[in-house]
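Here it is, the structure in full.
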Amino acid sequence: MNIGDAAGASGVSAKMIRHYESVGLLPRVGRTQAGYRQYADKDVSVLRFIRHCRDLGFSLDRIRELLDLWQNRRRSSRQVKSLAQAHIAELDEKLKELQQMKATLEHLVRCCHGDDRPDCPIIETLESGDRVATARATRSGRRRAGSRPRSCGTRPARRFDLPGRSCGSAGGASAAAS
């Protein structure tokens with residue numbers, strides 16, 4: 001079958017099929033005399049396996065390891081489970097980072113009056129990058145020397161304030177009401 005048929009049968013785009021072939025996840029396939037790629041059912045099975053791995057968020061390196069294990073009938077399930085557990089830990093870390101980003105953005109939204117005035121703590125923070133960088137550094141366990149979150153109304157720990165301003169409870173209340 002040609003690349004379009006393989007894409008339809010596997011759910012992987014032709015562009016990604018070429019990419020997976022170029023990075024060695026999919027072995028190079030035979031070509032017709034005209035130079036078109038020819039895929040077998042086995043290739044489509046590999047593509048489906050890769051797609052399922054990607055759907056679960058596995059990196060290309062992890063997929064390479066999983067492909068090797070899938071194709072090795074003498075594998076131990078212990079190895080597969082270990083890779084899956086390591087991926088769960090990575091997902092947990094990403095989830096934690098996303099939750100912290102969300103908390104920072106929620107805090108910035110509470111601090112923004114959302115009215116006709118041009119001053120906006122969200123824009124100011126994005127412009128300076130200081131508190132955003134501090135949020136990233138704090139998430140990874142490092143805080144930049146001399147940086148310290150300031151209070152901006154009621155908020156849970158580990159949320160980050162704006163440089164040089166505090167929004168107080170009125171800013172938080174108006175943001176919550178809008």
Side-chain angles (χ1 to χ4, degrees), residues 1-32 34-110 122 125-126 128-145 147-149 155-161:
M1 71 183 80
N2 66 28
I3 196 165
D5 294 335
S10 66
V12 176
S13 72
K15 180 179 179 179
M16 289 308 297
I17 291 173
R18 288 185 201 97
H19 175 69
Y20 293 148
E21 190 175 325
S22 74
V23 298
L25 284 180
L26 182 66
R28 299 250 182 234
V29 296
R31 293 186 179 249
T32 65
Y36 294 107
R37 291 173 169 89
Q38 283 296 123
Y39 295 89
D41 290 338
K42 177 183 166 212
D43 299 314
V44 171
S45 294
V46 171
L47 288 167
R48 284 186 188 128
F49 185 90
I50 293 170
R51 188 192 82 227
H52 294 150
C53 289
R54 293 299 286 165
D55 289 347
L56 291 173
F58 283 100
S59 69
L60 294 181
D61 288 336
R62 291 279 192 232
I63 292 173
R64 191 177 321 282
E65 292 178 67
L66 288 165
L67 275 168
D68 288 343
L69 290 167
W70 177 50
Q71 294 165 346
N72 176 3
R73 297 292 174 202
R74 301 185 70 150
R75 70 182 172 264
S76 75
S77 63
R78 180 181 307 110
Q79 293 171 292
V80 179
K81 183 176 182 175
S82 175
L83 282 175
Q85 288 172 324
H87 187 57
I88 289 170
E90 291 166 4
L91 290 173
D92 284 339
E93 185 60 34
K94 285 181 185 178
L95 253 169
K96 182 179 170 186
E97 288 178 12
L98 287 170
Q99 289 168 337
Q100 290 171 340
M101 282 187 253
K102 180 180 180 240
T104 299
L105 280 170
E106 286 172 338
H107 173 69
L108 290 171
V109 166
R110 278 195 313 276
I122 299 167
T125 301
L126 293 173
S128 72
D130 288 342
R131 293 298 177 195
V132 176
T134 300
R136 273 195 312 271
T138 302
R139 280 196 307 274
S140 64
R142 300 177 310 272
R143 173 163 279 150
R144 290 170 37 180
S147 68
R148 186 173 45 131
R155 63 187 173 84
R158 298 189 64 91
R159 292 195 184 173
F160 302 94
D161 296 307

Next on the checklist: Between Met1 and Asp43, does the side-chain contact (heavy atoms from CB on, under 4.5 Å) criterion hold? Intermediate values first, please.
Outcome noted: CA-CA 10 Å; Met1 71 183 80; Asp43 299 314; over 6 Å; no
Item to check | Flag if over 12 foreign heavy atoms under 6.0 Å of CZ, Arg31 | outcome: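 Count over threshold, so yes.
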Checklist entry - What are the two closest non-hydrogen atoms of Ile63 and Cys53, and how far apart are they? => result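 In terms of heavy atoms, the two residues are closest at CG1-CB, 3.5 Å.
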Checklist entry - If you measure from CG on Leu56 to CG on Leu91, what distance do you get to the nearest 0.5 Å? => result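 Here the rounded value is 8.5 Å.
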Item to check | Stepwise side-chain contact (heavy atoms from CB on, under 4.5 Å) test for Gln38 and Val29 | outcome: CA-CA 6 Å; Gln38 283 296 123; Val29 296; 5.9 Å; no
Next on the checklist: Restricting to non-hydrogen atoms, name the atom on Asn2 and the atom on Gly4 that form the minimum distance, rounded to 0.1 Å.
Outcome noted: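 Nearest heavy atoms, Asn2 then Gly4: OD1-N, 3.0 Å.
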Next on the checklist: Nearest 0.5 angstrom please: Leu105 CG to Gln100 CD, how far?
Outcome noted: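 Taking CG in Leu105 and CD in Gln100, the distance rounds to 12.5 Å.
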Item to check | Spacing of CG belonging to Asp61 relative to CG belonging to Leu66, to within rounding of 0.5 Å | outcome: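 So the CG of Asp61 and the CG of Leu66 are separated by 11.0 Å.
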Checklist entry - Within the side chain of His52, is there an N or O that forms a donor-acceptor pair under 3.5 Å with the backbone of Arg48? => result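 Yes, His52 side chain to Arg48 backbone: donor-acceptor pair under 3.5 Å.
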Next on the checklist: How long is the straight-line distance from OG of Ser76 back to NZ of Lys81, given to the nearest 0.5 Å?
Outcome noted: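 Rounded to the nearest 0.5 Å, the NZ-OG separation comes to 11.5 Å.
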Next on the checklist: Would the distance check show the side chain of Arg37 and the main-chain N or O of Ile3 forming a donor-acceptor pair, the cut-off being under 3.5 Å?
Outcome noted: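 Side chain of Arg37 to backbone of Ile3, a donor-acceptor pair under 3.5 Å: no, none is there.
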Next on the checklist: For Glu106, is there an ion pair with Lys102 - N to carboxylate O distance below 4.0 angstrom?
Outcome noted: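 Answer for the salt bridge query: yes.
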Checklist entry - Quick one: OG on Ser13 to CZ on Arg51, what's the gap to the nearest 0.5 Å? => result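 Going from OG on Ser13 over to CZ on Arg51, the span is 11.5 Å.
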Next on the checklist: On a heavy-atom basis, which atom in Val46 and which in Gln71 lie closest, and how many Å separate them?
Outcome noted: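 Closest pair (atom of Val46, atom of Gln71, distance): CG2-NE2, 4.1 Å.
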Checklist entry - How far apart are the closest heavy atoms of Ala86 and Arg62, and which atoms are they? => result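 Result for this residue pair: CB-NH2, 4.1 Å.
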Checklist entry - Only one of Ile50, Leu26, Asn72 clears side chain to side chain contact (heavy atoms under 4.5 Å, CB included) with Leu67; which? => result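 Result for side chain to side chain contact (heavy atoms under 4.5 Å, CB included) with Leu67: Ile50.
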Checklist entry - What heavy-atom pair brings Leu47 and Ser10 nearest, and what distance separates the two atoms? => result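 Nearest heavy atoms, Leu47 then Ser10: CB-CB, 3.6 Å.
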Next on the checklist: Quick check for you: to the nearest 0.5 Å, what is the distance between Lys94 atom NZ and Met101 atom CE?
Outcome noted: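 One gets 10.5 Å once the value is rounded to the nearest 0.5 Å.
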Checklist entry - Would a 4.5 Å heavy-atom cut-off, applied to side chains only, mark Trp70 and Val80 as touching? => result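 The answer is no, as the side chains (C-beta and beyond) never meet within the 4.5 Å cut-off.
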Checklist entry - What do the steps show when you test Tyr39 against Asp5 for side-chain contact (heavy atoms from CB on, under 4.5 Å), and what is the final call? => result CA-CA 9 Å; Tyr39 295 89; Asp5 294 335; over 6 Å; no
Next on the checklist: To check you understand the geometry: which heavy-atom pair defines the closest contact between Ala6 and Ile17, and what is its length?
Outcome noted: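 Heavy atoms only, the tightest pair is C-CD1, 4.1 Å.
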Item to check | Verdict with reasoning, Gln79 to Leu83, per side-chain contact (heavy atoms from CB on, under 4.5 Å) | outcome: CA-CA 6 Å; Gln79 293 171 292; Leu83 282 175; 5.9 Å; no
